[in-house]
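Written below as structure tokens is the structure these notes are about.
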Amino acid sequence: MMTVRTRFAPSPTGYLHIGGVRTALFCWLFARKHGGQFILRIDDTDQQRNVDEAISPILHGLRWLGIDWDEGPEIGGIYAPYYQSQRSDKYQAAVNKLLELKFAYRDYARTEEIQAERDAAINEKKTFTYSRKWMAESESDIKRFESEGRQCVIRLKMPRTGELIINDLIRGNVTFNWADEQDHVIQRADGSFIYHLANVVDDEDFKISHVIRAEEHLSNTPRQIFIIQSLGYNLPSYAHLPFVAEPGSKTKLSKRKLDKYLKNKDFAKLVEHGKSIANRIGLSVTDDNFNPVIVDFYEKVGYLPEAIVNYIALVGWALDDKTEFFSMKDLIENFSLEGVTKGAASFDPQKLFAFEEKHFLKLSTDEKIKLCKPFLEAAKIFPCEFSDILEKIIETAGDRIKVAGDILLFSDFFADDNSFEYEESAYNKRIADQPESINLLKEFYDLLSQQEQFDHQLLEILMQKFIDAKSIKIGDIIHALRISVTGKSSGLGMFETLEILGKSRVLKRIKRIL
RNA sequence: GCCCCCUUCGUCUAGUGGCCCAGGACAUUGGAUUCUCAGUCCAGUAACAGGGGUUCGAUUCCCCUAGGGGGUACCA
């Protein structure tokens, strides 16, 4: 049986797009499922200056998500190099062969001449077919055109009759008429190569068995198959994935449209939540580096890579009518191209967050500590003299911590007892405007100071006795107590909070407002 | 303009001619629980784009229309 080999071919853009992740993930899952290899290739035919700098966030993001590659940048492989910019000789050889076999030709048309033909076709509502007036297949033609000062590009000499049926693993048979296809350029006048040519040559060289890529390439496939057939290459299997679309739309998700997405309240909520964490750790936040369309957003805020993977796998793929929670291992076991859907699927920030909650909840306390600690350190809260209560906080917080960065919600536990701040409106409402609450607090303070064991159950009993004796409701005192002890109107259970802080800190804190 | 693809609840989807007056999840609504928050538990609202066929029977097959998306570059 043929070895399954898939590839993901990012351009060095400097960021890892969530849609790109989905494509990479499906390629990777398919390879892993079939015991094959996953190859990473860098599409840098554009010759950018800092390719390394521009691919490093991409490589980092993939690794963070657990998507590893068997051949590619940083690790090499038997078919190296894996950078298109370093493979020009292969492309040149392919172009020469195409020329020799007359499947490609030198074309000396000027841009405006081609454009005029194209415009004419549009006017007549017909498919544009190049007249090949400036095609040069003989030395004399070449001389003649060059004497006119023309420059040449290399174009494919596409068939003009018959049809091509592509058997796509997701879409089934897709039929194209060769006559509708253009004589596409494969080598520019400056000698550089066009993506389609490079792509096909690389896939052949790397022995790619399955081309799994986004839908936008489906229309490009005929010209690629023409090159493959002309050169006698092996035809890979194709699978064209639907787009990851904008929230509430079917348009491809784009990094550049953050402004627009922010008008979606769920999307805005995701960003706000992330920003509040970023602010606490002193991360500078701009639309360019803090964008949920880009994967590092999630890493910065403390999302779990397995949650992102779980969610993104379900954008355009489903196993059955009920299974939704998948570990990476489950995904490898169960993934199949048959389960991939055809329609574009929009990105739903709320559902992503729901997966994050679920996955985070499954973590052990030790794992949570390991993930949360760096956020406390980044916020300069850690290390501190109260560091030992972290474990208890995390256990008590339970599902209140949804992403690792949420630990910062409980930073008041680590604050200095004499100088932590009060939420102004809460303080006014529960204390300043409630003079009676001070008296109650005073009395409760006395009870607390006599309490030996600061255990939350005992403390609750103490409170119960207190309100019974005073004939008041718990609500009459507990809010004021919470503000005085934490400075906030909401938080963990009141008695757990007291237990975690411990007697002396609690007394110190209450004393401040008496 | 031309070519290609797509179309089930708000969203992700299950569904391959009768099991579906359409199932699950997220969201949402109501109720319960509660010291706040976060939850949890119960209950509910909500969809086969439209029109023609084929068939005893269409969400499922065919055709048309509409809508959406992509390609049509010396972009990838």
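Convention: sequence-line order gives letters A, B, ...; per-chain numbering from 1. Just the heavy atoms: all of them, side chains too, but no hydrogens, waters or symmetry mates, feed the values below.
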Checklist entry - Hey, does the Lys NZ or Arg CZ of Lys358(A) hover above the aromatic six-ring of Phe325(A), less than 6.0 Å from the centre and inside 45° of the axis? => result no
Checklist entry - So does Thr341(A) get a side-chain nitrogen or oxygen closer than 4.0 Å to the phosphate oxygens (OP1/OP2) of C12(B)? => result no
Could you list, one pair per line, each protein nitrogen or oxygen that sits under 3.5 Å from a nitrogen or oxygen of nucleotides 39-42 of chain B, together with the distance?
| from | atom 1 | to | atom 2 | distance (Å) |
| --- | --- | --- | --- | --- |
| G39(B) | O2' | Asp399(A) | OD2 | 2.8 |

Checklist entry - How far does the P atom of C64(B) sit from the matching atom of C21(B), given to the nearest Å? => result 30 Å
Checklist entry - Counting side-chain heavy atoms from CB outward, which of G10(B), C4(B), A25(B) is closest to Asp348(A)? => result G10(B)
Checklist entry - Checking Arg280(A) against Phe375(A): charged group under 6.0 Å from the ring centre and within 45 degrees of the axis? => result no
Next on the checklist: By nearest heavy atom, map Asp320(A) and Ala109(A) onto RNA chain B; which one lands nearer the 5' end?
Outcome noted: Asp320(A)
Checklist entry - Does Phe26(A) have Arg22(A) sitting over its ring (NZ/CZ under 6.0 Å from centre, angle to axis within 45°)? => result yes
Atom pairs, protein N/O to nucleotides 66-71 of chain B N/O, distance under 3.5 Å:
| from | atom 1 | to | atom 2 | distance (Å) |
| --- | --- | --- | --- | --- |
| G69(B) | OP1 | Thr251(A) | OG1 | 3.3 |
| G70(B) | N2 | Ser219(A) | OG | 3.2 |

Item to check | Lys265(A) NZ to U11(B) C1', straight-line distance once rounded to whole Å | outcome: 11 Å
Next on the checklist: Side chain of Arg171(A), heavy atoms from C-beta onward: which of C6(B), G1(B), C26(B) has the nearest atom to it?
Outcome noted: C6(B)
Checklist entry - Nearest-Å distance, CH2 (Trp317(A)) to P (A25(B))? => result 17 Å
Next on the checklist: Check this one for me: any side-chain N or O of Arg188(A) less than 4.0 Å away from OP1 or OP2 of C75(B)?
Outcome noted: yes
Item to check | Residue Lys125(A), side-chain heavy atoms: nucleotide from C6(B), G1(B), G24(B) that is nearest | outcome: G1(B)
Item to check | Distance between C1' atoms of U45(B) and U11(B) (Å, rounded) | outcome: 16 Å
Next on the checklist: Closest approach to the side chain of Asp321(A), judged atom by atom: which nucleotide of A38(B), C5(B), A14(B) is it?
Outcome noted: A14(B)
